[in-house]
Enquirer: 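Handing you a structure now.
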Amino acid sequence: MKHIGRTKIVQILTLTDFGIEVNVKGWVRTKRGNKQVLFIALNDGSCIHNLQIVVEPDKFDEHLLKRITTGASVSFNGTLNKSNGSGQAVEILASEIEILGDCDVDKYPLQPKRHSLEFLREIAHLRYRTNTFGAIARIRHAMVFAVHQFFTQKGFVNIHTPIITSSDCEGAGEMFHVTTLDFNNLPLTEDGTINYNEDFFGKQTNLTVSGQLEGELAAMAMGDIYTFGPTFRAENSNTSRHLAEFWMIEPEMAFADLNDNMDLAEEFLKFLIKQALIGCEDDLLFLSNRLKEEEKDKKEEERSMELIEKLKFVHSNDFVRLTYTEAIAILKDSKYNKNGKFKYNITGFGNDLQSEHERFLVEKHFKKPVILTDYPKGIKSFYMKLNDDNETVRAMDVLFPQIGEIIGGSQREENYDKLVARMNEMGIPSHDMQWYLDTRRFGTAIHSGFGLGFERLMLFITGMSNIRDVIPFPRTPKNAAF
RNA sequence: UCCUUAGUAGCUCAGUUGGUUAGAGCGGCGGACUGUUAAUCCGUAGGUCGUAGGUUCAAGUCCUACCUGAGGAGCCA
């Protein structure tokens, strides 16, 4: 086969200098045709679109053409032609064909037909080869890039916080233990408990559930920082919006209060949405059509807003900001509450908000994203700044339609004595956390930050409904395949 | 973890009050067709009905347990 440098399909589709010789490599999606002409739809992952390869069967060995099956990887040399068909502008008339990797159609699970997302989840190692998961992968990359772009433009410093941590009081759920001890021969202390002095780090260690505490340390020197790393929660959560391993973005700003925090969160989310709209048009359009197809049997009122329209709407409208106390008042006075439509009735201050309440506020009452602030101290973490009322803390949750809590954050308690008092109140061992308390001991300053669940952002951007479909290899209870 | 629901061909599903030999569409394979777009048309192969027990003359269908998926709840990002 004559050597011609490979051109990616995304590039080929923009070319207009017909007649030139090109080489393309990719995976076959479909093959159809007759004795006179064959059409091959080729995809190389560079974009959602396939390239049409035209093959004149009499010019090639019959056995070679037989090996061009769905899933096979193939290299084509050929001329760039203006397409006669209506589905595409350009196509390649093949002059040379090389099969790079055969694909046994009897064993290859992907067929040239629609597959359910549940089935594709079982073959997650191959699902990138579908339009849907290819689109999601490209959008995910665009969003990763946009996160770094946003913070870089604003002068934030990226901090790599530890993945293995010895603190067990980050207040964010069950942790995975990290150890090199032999489970069949555990070293014990005199009183029969496990002797962690003999473990790798000489103490009990876990996978991180949040980079926030270390992020605060960095912010108290660098000013504005952000983390973007893997996060692990050993909760037995089986829902469409929880993962045991997920990616979280946690900015932390010195000299910033809760209003600055809310401003940053809103600006950040809108920037990400804008970048998706600008850079991922084709993929979003594909996902939008996929969603429409999926919902076509639903009743009008049950259908979700068209994907791109939804992104534009959130981008161009201010988020509603209100306090927990105001939210409770709205919920308490709502017809829903009075007619007993909530499973959990709202009676007044102190009620924890359930999913149904958050959803009511976002999807029914305001019909746009809502930032709830100033929750009762009893239902929030120890490090959140206590308000003067001594009852509420400067917490904020950003609530999105369908997804619920996409961001959780707060202004931090910067006063040493108040922080220690809160830790004692909530049973957090402050003597193990002197490193954290030192920031309040030496040159303390007000500061604020939040955590954005990256996969929850991906749910919103892609319109997918299960979080297991927006991360390549989902880790959930009883599932760590691939 | 709890509640609800489902598991039948490679995939998506139908299968009536328990009753003879378990069906369809798509996909595969074979054939037809001079430009197709998830091509079309004709033909064809393909099944331990999630697993293990139980009830019954008889179980895909009823009962029990377990496994797995989905939706919802809690926890949260």
Enquirer: Identify which one of A/Val362, A/Leu457, A/Val370, A/Leu269 satisfies the side chain to side chain contact (heavy atoms under 4.5 Å, CB included) criterion when paired with A/Phe400.
Expert: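 Testing each of A/Val362, A/Leu457, A/Val370, A/Leu269 against A/Phe400, the sole residue satisfying side chain to side chain contact (heavy atoms under 4.5 Å, CB included) is A/Leu269.
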Enquirer: Should A/Phe39 be counted as stacked on B/G35, where stacking needs a ring-centre gap under 5.5 Å and an angle between planes under 30 degrees?
Expert: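 No, the aromatic ring of A/Phe39 does not stack with the base.
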Enquirer: Give a yes/no on whether any side-chain N or O of A/Arg468 is located under 4.0 angstrom from OP1 or OP2 of B/A70.
Expert: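 So the side-chain polar atoms of A/Arg468 do come within 4.0 Å of the phosphate oxygens OP1 or OP2 of B/A70, strictly under.
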Enquirer: Separation of A/Ile123 atom CD1 from B/G27 atom P, in whole Å?
Expert: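 Spelled out: CD1 on A/Ile123 to P on B/G27 is 17 Å.
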Enquirer: State whether the distance check finds a donor on one side and an acceptor on the other, under 3.5 Å, for side chain A/Arg32 versus base B/C33.
Expert: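 It does not, because no donor-acceptor pair links the side chain of A/Arg32 to the base of B/C33 below 3.5 Å.
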Enquirer: Does B/U37 pair with anything, Watson-Crick or G-U wobble, both distances under 3.5 Å, and if so, with which nucleotide?
Expert: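 Paired with B/U37, as far as the under-3.5 Å criterion goes, is no nucleotide at all.
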Enquirer: For the side chain of A/Glu118, counting heavy atoms from C-beta on, which of B/G72, B/G69, B/U34 is nearest?
Expert: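 Of B/G72, B/G69, B/U34, B/G69 is nearest to the side chain of A/Glu118.
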Enquirer: Answer with base, sugar-phosphate or nothing: what part of the nucleic acid does A/Thr239 contact at a heavy-atom distance below 4.0 Å?
Expert: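 Base contact.
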Enquirer: In terms of side-chain heavy atoms of A/Asn236, which of B/U1, B/G74, B/G35 is nearest?
Expert: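 Nearest to the side-chain atoms of A/Asn236, counting from C-beta on, is B/U1.
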Enquirer: Reading RNA chain B from 5' onward, which residue's closest nucleotide shows up sooner: A/Val37 or A/Gly404?
Expert: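 On the 5' side of the pair lies A/Val37.
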Enquirer: How long is the line joining CD1 of A/Ile403 and C1' of B/C76, in whole Å?
Expert: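 About 14 Å, once rounded to whole Å.
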Enquirer: Mind checking who B/G71 pairs with, Watson-Crick or G-U wobble, both distances under 3.5 Å?
Expert: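 Its partner is B/C3 (Watson-Crick or G-U wobble, both distances under 3.5 Å).
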Enquirer: Is B/A9 paired to anything, Watson-Crick or G-U wobble with both distances less than 3.5 Å, and if yes, which nucleotide?
Expert: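 Check on B/A9: unpaired, no WC or wobble geometry under 3.5 Å.
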Enquirer: On a whole-Å scale, what distance lies between the C1' atoms belonging to B/A52 and B/C67?
Expert: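 Looking at atom C1' only, B/A52 and B/C67 are 11 Å apart.
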Enquirer: When the distance from CD of A/Glu356 to P of B/C3 is rounded to whole Å, what number comes out?
Expert: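 Value for this atom pair: 19 Å.
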Enquirer: For A/Lys31 and B/U37, is the shortest distance between a side-chain N/O and OP1 or OP2 below 4.0 Å?
Expert: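 False: A/Lys31 side-chain N/O out of range (4.0 Å or more) of B/U37 OP1/OP2.
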Enquirer: Looking at B/U36, does its base get a donor-acceptor pair with the side chain of A/Gln88 below 3.5 Å?
Expert: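 Looking at the base of B/U36, it does pair with a donor or acceptor on the side chain of A/Gln88 (distance under 3.5 Å).
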Enquirer: Choose from B/C33, B/C76, B/G27 the nucleotide whose nearest atom is closest to any side-chain atom of A/Arg233.
Expert: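 Out of B/C33, B/C76, B/G27, the nucleotide with an atom closest to A/Arg233's side chain is B/C76.
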Enquirer: Is the shortest side-chain N/O distance from A/Ser237 to OP1 or OP2 of B/C76 below 4.0 Å?
Expert: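 No, outside the criterion.
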Enquirer: Taking only N and O in the side chain of A/Asn34, is any of them less than 4.0 Å away from OP1 or OP2 of B/G35?
Expert: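 Result: yes.
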Enquirer: Can a donor-acceptor pair under 3.5 Å be found between the side-chain atoms of A/Asn50 and the base atoms of B/U37?
Expert: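 No such pair is found, so the answer is no.
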Enquirer: Distance check, P atoms only: B/U16 and B/G7, in whole angstrom units.
Expert: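 These two P atoms come out 12 Å apart once rounded.
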Enquirer: What integer distance in Å separates A/Arg121:CZ from B/U68:P?
Expert: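 Distance check: A/Arg121 CZ to B/U68 P gives 16 Å.
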Enquirer: Quick one about A/Arg241 and A/Asn466 (side-chain donor to acceptor, distance below 3.5 Å, no hydrogens or angles considered), yes or no?
Expert: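 No pair is found: no donor N or O on one side chain lies under 3.5 Å from an acceptor on the other.
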Enquirer: State whether the distance check finds a donor on one side and an acceptor on the other, under 3.5 Å, for side chain A/Glu91 versus base B/G35.
Expert: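 Pair found.
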Enquirer: What integer number of Å spans the P atoms of B/G27 and B/U37?
Expert: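 The answer is 13 Å between these two P atoms.
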Enquirer: Return yes if a side-chain donor-acceptor contact under 3.5 Å exists between A/Glu358 and A/Gln354, otherwise no.
Expert: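 Judged by distance alone, the side chains do not pair up.
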Enquirer: If I pick the P atom on B/G15 and the same atom on B/U8, what distance separates them, to the nearest angstrom?
Expert: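 Taking atom P in both B/U8 and B/G15, they lie 14 Å apart.
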Enquirer: Can you check the distance between B/G69 and B/U51, where both ends of the measurement are the C1' atom (answer in whole Å)?
Expert: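 One C1' to the other, the span is 15 Å.
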Enquirer: Does the salt bridge (charged side-chain N to carboxylate O under 4.0 Å, His left out) test come out yes or no for A/Lys310 and A/Glu306, once each step is laid out?
Expert: CA-CA 6 Å; A/Lys310 178 189 84 177; A/Glu306 191 275 324; over 6 Å; no
Enquirer: With a 3.5 Å cut-off and just heavy-atom distances, do the side chain of A/His242 and the base of B/C76 make a donor-acceptor pair?
Expert: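 Per atom types, the contact qualifies.
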Enquirer: Please report the distance separating the C1' of B/C13 from the corresponding atom of B/U17, rounded so that it comes out in whole Å.
Expert: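 After rounding to an integer number of Å, I get 23 Å for this pair.
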Enquirer: Between B/G28, B/U37, B/A77, which one does the side chain of A/Ile467 approach most closely?
Expert: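 The answer is B/A77, which lies nearest to the side chain.
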Enquirer: Is A/Arg321 paired with A/Glu266 through a side-chain N to carboxylate O contact shorter than 4.0 Å?
Expert: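 Looking at A/Arg321 together with A/Glu266, the answer is yes, because their closest N to O distance falls below 4.0 Å.
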Enquirer: So if I take every side-chain heavy atom of A/Val105 and compare against B/A73, B/G28, B/G35, which nucleotide ends up nearest?
Expert: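 Selected nucleotide (nearest to the side chain): B/G28.
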Enquirer: Say you pick atom C1' in B/C49 and the same atom in B/A9; how far apart are they, in whole Å?
Expert: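 The answer is 10 Å between these two C1' atoms.
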Enquirer: Base, sugar-phosphate alone, or nothing: which one does A/Gly85 contact when heavy atoms must sit under 4.0 Å apart?
Expert: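 Base: the residue A/Gly85, judged by heavy atoms under 4.0 Å, touches a nucleobase.
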Enquirer: Under the salt bridge (charged side-chain N to carboxylate O under 4.0 Å, His left out) criterion, do A/Lys154 and A/Glu267 qualify, and how do the steps go?
Expert: CA-CA 11 Å; A/Lys154 295 188 83 71; A/Glu267 189 187 345; 3.0 Å; yes
Enquirer: Using the rule given for side-chain hydrogen bond (donor to acceptor under 3.5 Å, both in side chains), can you reason through A/His357 versus A/Tyr344, listing the C-alpha separation, both sets of side-chain angles and the distance that settles it, and then say yes or no?
Expert: CA-CA 9 Å; A/His357 305 130; A/Tyr344 294 89; over 6 Å; no
Enquirer: When the distance from NZ of A/Lys113 to C1' of B/G28 is rounded to whole Å, what number comes out?
Expert: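 One finds 12 Å between C1' of B/G28 and NZ of A/Lys113, rounded.
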Enquirer: Please determine whether a side-chain nitrogen or oxygen atom of A/Asn466 lies at a distance below 4.0 Å from atom OP1 or OP2 of B/G71.
Expert: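 The answer is yes; a side-chain N or O of A/Asn466 sits under 4.0 Å from OP1 or OP2.
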Enquirer: If we count only N and O atoms by modelled type, under 3.5 Å, do the side chains of A/Asp397 and A/Tyr375 hold a donor and an acceptor together?
Expert: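 Their side chains do contain a donor-acceptor pair, which is all the 3.5 Å distance test asks for.
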Enquirer: Just compare B/A70, B/C75, B/U37 and give me whichever is closest to any side-chain atom of A/Glu235.
Expert: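 Ranking B/A70, B/C75, B/U37 by closest atom to the A/Glu235 side chain puts B/C75 first.
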Enquirer: Step through the shown structure and confirm whether more than 12 heavy atoms of other residues, nucleotides or ligands are within 6.0 Å of CZ on A/Phe145.
Expert: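 Result for CZ/A/Phe145: open.
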Enquirer: If B/G18 has a Watson-Crick or G-U wobble mate with both distances under 3.5 Å, name it; if not, just say none.
Expert: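 WC or wobble partner does not exist here.
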Enquirer: In Watson-Crick or G-U wobble terms, both distances under 3.5 Å, what is the partner of B/C62?
Expert: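 The answer is B/G54, by the H-bond criterion.
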Enquirer: To the nearest angstrom, how far is A/Ile40 atom CD1 from B/A39 atom C1'?
Expert: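 About 15 Å, once rounded to whole Å.
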Enquirer: Counting heavy atoms from C-beta on, name the nucleotide in B/C75, B/A77, B/G35 closest to the side chain of A/Arg241.
Expert: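 In terms of side-chain proximity for A/Arg241, the closest of B/C75, B/A77, B/G35 is B/C75.
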Enquirer: What's the gap between B/A22 and B/G60 when it is taken at their P atoms, as a whole Å value?
Expert: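 These two P atoms come out 10 Å apart once rounded.
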Enquirer: Compare the minimum distances between each of B/U68, B/C29, B/C76 and the side chain of A/Ser355, then state the nucleotide with the smallest one.
Expert: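 The closest nucleotide is B/C76.
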Enquirer: Rounded to whole angstrom units, what separation is found between the CZ atom of A/Arg127 and the P atom of B/C11?
Expert: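 It works out to 17 Å between those atoms.
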Enquirer: Centre of A/Phe382's six-membered ring, under 6.0 Å away, within 45 degrees of the axis: is that where NZ or CZ of A/Lys377 sits?
Expert: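 No, A/Lys377 and A/Phe382 do not form such a contact.
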Enquirer: Does OP1 or OP2 of B/A32 have a side-chain N or O of A/Lys35 closer than 4.0 Å?
Expert: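 Yes.
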Enquirer: Would you say B/A39 has OP1 or OP2 under 4.0 Å from some side-chain N or O of A/Thr30?
Expert: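 True: A/Thr30 side-chain N/O within range (under 4.0 Å) of B/A39 OP1/OP2.
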Enquirer: So what does A/Glu122 hit on the nucleic acid, given a heavy-atom distance under 4.0 Å: a base, only sugar-phosphate, or nothing?
Expert: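 Since no nucleic acid heavy atom lies under 4.0 Å of A/Glu122, the category is nothing.
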Enquirer: What is the distance, to the nearest angstrom, from the CD atom on A/Gln111 to the P atom on B/A9?
Expert: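 These atoms are roughly 13 Å apart.
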Enquirer: Applying a 4.0 Å non-hydrogen cut-off, can you work out what A/Asn84 is touching in the nucleic acid: base, sugar-phosphate, or nothing?
Expert: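 Base contact - A/Asn84 has a heavy atom under 4.0 Å of at least one base atom.
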Enquirer: Any side-chain N or O of A/Thr231 below 4.0 angstrom from OP1/OP2 of B/A77?
Expert: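 So the side chain of A/Thr231 is outside the cut-off, no N or O lying under 4.0 Å from OP1 or OP2 of B/A77.
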